[in-house]
Student: 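This structure is in structure tokens; I'll ask about it shortly.
Note that the structure is predicted; figures quoted are calculated from it, not measured.
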Amino acid sequence: MANVVKVEGFEAFQSRVAELTKTGGDVFVMFSGSKDSNGVSWCPDCVDAEPVVNGCLSTLASDTHYLYVGVGGRDFWKDQNCVFRTAKETQLKTVPTLIKWGTKQRLEEGQCADKNLVSMMFEE
């Protein structure tokens with residue numbers, strides 16, 4: 001199973017993804033609406049996608065990294081100037097978004113809740 005790492009915010013994401021890419025294994029990054037004190041995301045698509053993606057993690061090689069990134073609260077995310085939307089390295093349009101880091105491969109919104117699509121991404 002993959003090494004699972006969870007961070008909140010853009011700076012934490014930048015720091016951790018840089019660290020993980022140096023290890024040599026594949027890095028998958030899941031961008032999701034941040035969770036409240038009860039552990040529930042404000043984003044309904046993220047809530048739907050999380051158990052599907054988590055269920056597929058067991059198929060990943062042990063040298064693979066899965067980085068879960070909370071993009072912030074709903075108001076922060078909905079701002080079109082949100083750094084996750086505008087930064088060249090992310091250019092997110094929606095959450096959830098699952099990216100195989102360093103490639104053009106990405107799944108967005110409902111695609112992240114499709115077990116077959118997630119499995120295919122993890123297998124490539």
Side-chain angles (χ1 to χ4, degrees):
M1 185 163 143
N3 170 42
V4 178
V5 179
K6 297 181 181 185
V7 298
E8 277 290 323
F10 193 77
E11 288 180 8
F13 152 70
Q14 283 184 307
S15 171
R16 194 49 71 97
V17 80
E19 182 184 302
L20 295 175
T21 54
K22 292 177 185 171
T23 65
D26 286 335
V27 178
F28 293 93
V29 184
M30 176 67 149
F31 296 95
S32 181
S34 293
K35 296 179 178 181
D36 63 19
S37 59
N38 295 320
V40 180
S41 173
W42 54 263
C43 165
D45 288 335
C46 300
V47 171
D48 292 343
E50 187 171 12
V52 175
V53 174
N54 287 346
C56 294
L57 289 178
S58 63
T59 65
L60 292 172
S62 59
D63 66 342
T64 303
H65 304 283
Y66 175 76
L67 178 59
Y68 179 95
V69 181
V71 301
R74 186 179 189 280
D75 291 342
F76 178 78
W77 167 253
K78 292 291 184 181
D79 181 346
Q80 292 304 304
N81 293 316
C82 172
V83 67
F84 285 102
R85 293 177 181 273
T86 60
K88 182 181 160 200
E89 61 262 57
T90 52
Q91 296 180 336
L92 298 184
K93 295 177 182 67
T94 64
V95 288
T97 297
L98 177 63
I99 297 175
K100 184 175 184 180
W101 199 249
T103 74
K104 294 189 182 295
Q105 294 179 43
R106 69 170 56 199
L107 299 176
E108 298 176 330
E109 290 185 322
Q111 294 174 325
C112 295
D114 183 324
K115 183 180 179 191
N116 291 329
L117 291 175
V118 174
S119 293
M120 281 193 301
M121 178 182 260
F122 284 172
E123 288 170 6
E124 290 181 9

Student: Shortest non-hydrogen contact from Val95 to Asp45?
Tutor: O-CB, 4.3 Å

Student: Where do Tyr68 and Lys35 come nearest, in terms of heavy atoms and distance?
Tutor: OH-CE, 3.3 Å

Student: Within the distance-only criterion (no hydrogens, no angle test), does the side chain of Asn38 pair as donor or acceptor with the backbone N or O of Val40 below 3.5 angstrom?
Tutor: no

Student: First locate atom CG of Leu20, then atom CH2 of Trp101, and finally report the distance between them rounded to the nearest 0.5 Å.
Tutor: 11.0 Å

Student: Side-chain contact, heavy-atom cut-off 4.5 Å: Met30 with Val53?
Tutor: yes

Student: Would you compute the distance between atom CZ of Phe28 and atom OG1 of Thr103 and round it to the nearest 0.5 angstrom?
Tutor: 8.0 Å

Student: Determine, using the 4.5 Å side-chain heavy-atom cutoff (strictly less than), whether Leu107 and Phe84 are members of one ILVMFWY cluster.
Tutor: no

Student: Return the CD1 to CE distance between Ile99 and Met121, rounded to the nearest 0.5 Å.
Tutor: 8.0 Å

Student: Within this structure, what is the CD-SG distance for the pair Glu109 and Cys43, rounded to the nearest 0.5 Å?
Tutor: 8.0 Å

Student: Using atom types as modelled and distance alone, determine if a side-chain donor or acceptor of Trp42 lies under 3.5 Å from a backbone N or O of Gly72.
Tutor: yes

Student: Is there a donor-acceptor pair under 3.5 Å between the side chain of Ser15 and the backbone N or O of Glu11?
Tutor: no

Student: Starting at OH of Tyr66, measure out to OG1 of Thr64 and round the result to the nearest 0.5 Å.
Tutor: 13.0 Å

Student: Applying the 4.5 Å side-chain criterion to the ILVMFWY set and letting contacts propagate, would Val27 and Leu57 be lumped into a single cluster?
Tutor: no

Student: Could you pull out the closest heavy-atom pair between Gln91 and Arg106, with the gap in Å?
Tutor: O-NH1, 3.6 Å

Student: Could you check if a side-chain atom of Val5 sits within less than 4.5 angstrom of a side-chain atom of Asn3, using non-hydrogen atoms only?
Tutor: yes

Student: Are any non-hydrogen side-chain atoms of His65 and Arg16 less than 4.5 angstrom apart?
Tutor: no

Student: Applying ring pair (Phe, Tyr, Trp, His ring centres under 6.0 Å) to Phe13 and Phe31, what does each step give before you reach the verdict?
Tutor: CA-CA 10 Å; Phe13 152 70; Phe31 296 95; 5.2 Å; yes

Student: Can any side-chain N or O of Ser32 pair as donor or acceptor with the backbone N or O of Cys46 at less than 3.5 Å?
Tutor: no

Student: How many angstroms lie between CG in Leu98 and CD in Glu108, if you round to the nearest 0.5 Å?
Tutor: 10.5 Å

Student: If you compare all heavy atoms of Val83 against all heavy atoms of Thr90, which two are closest, and at what distance to 0.1 Å?
Tutor: O-OG1, 4.0 Å

Student: Do Val4 and Phe122 share a hydrophobic cluster, counting only Ile, Leu, Val, Met, Phe, Trp and Tyr and linking them when any side-chain heavy atoms are less than 4.5 Å apart?
Tutor: yes

Student: Would you indicate whether Arg85, at its atom CZ, is surrounded by more than 12 heavy atoms from other residues, nucleotides or ligands within a distance under 6.0 Å?
Tutor: yes

Student: How close do Val52 and Asp114 get, counting heavy atoms only, and between which atoms?
Tutor: CG1-C, 4.1 Å

Student: Side chains of Glu8 and Ser34: donor-acceptor distance under 3.5 Å anywhere?
Tutor: yes

Student: Measuring only between side-chain heavy atoms, which start at C-beta, is Leu67 closer than 4.5 Å to Val7?
Tutor: yes

Student: Which atom names give the shortest non-hydrogen contact between Val47 and Pro51, and what distance separates them?
Tutor: O-CD, 3.2 Å

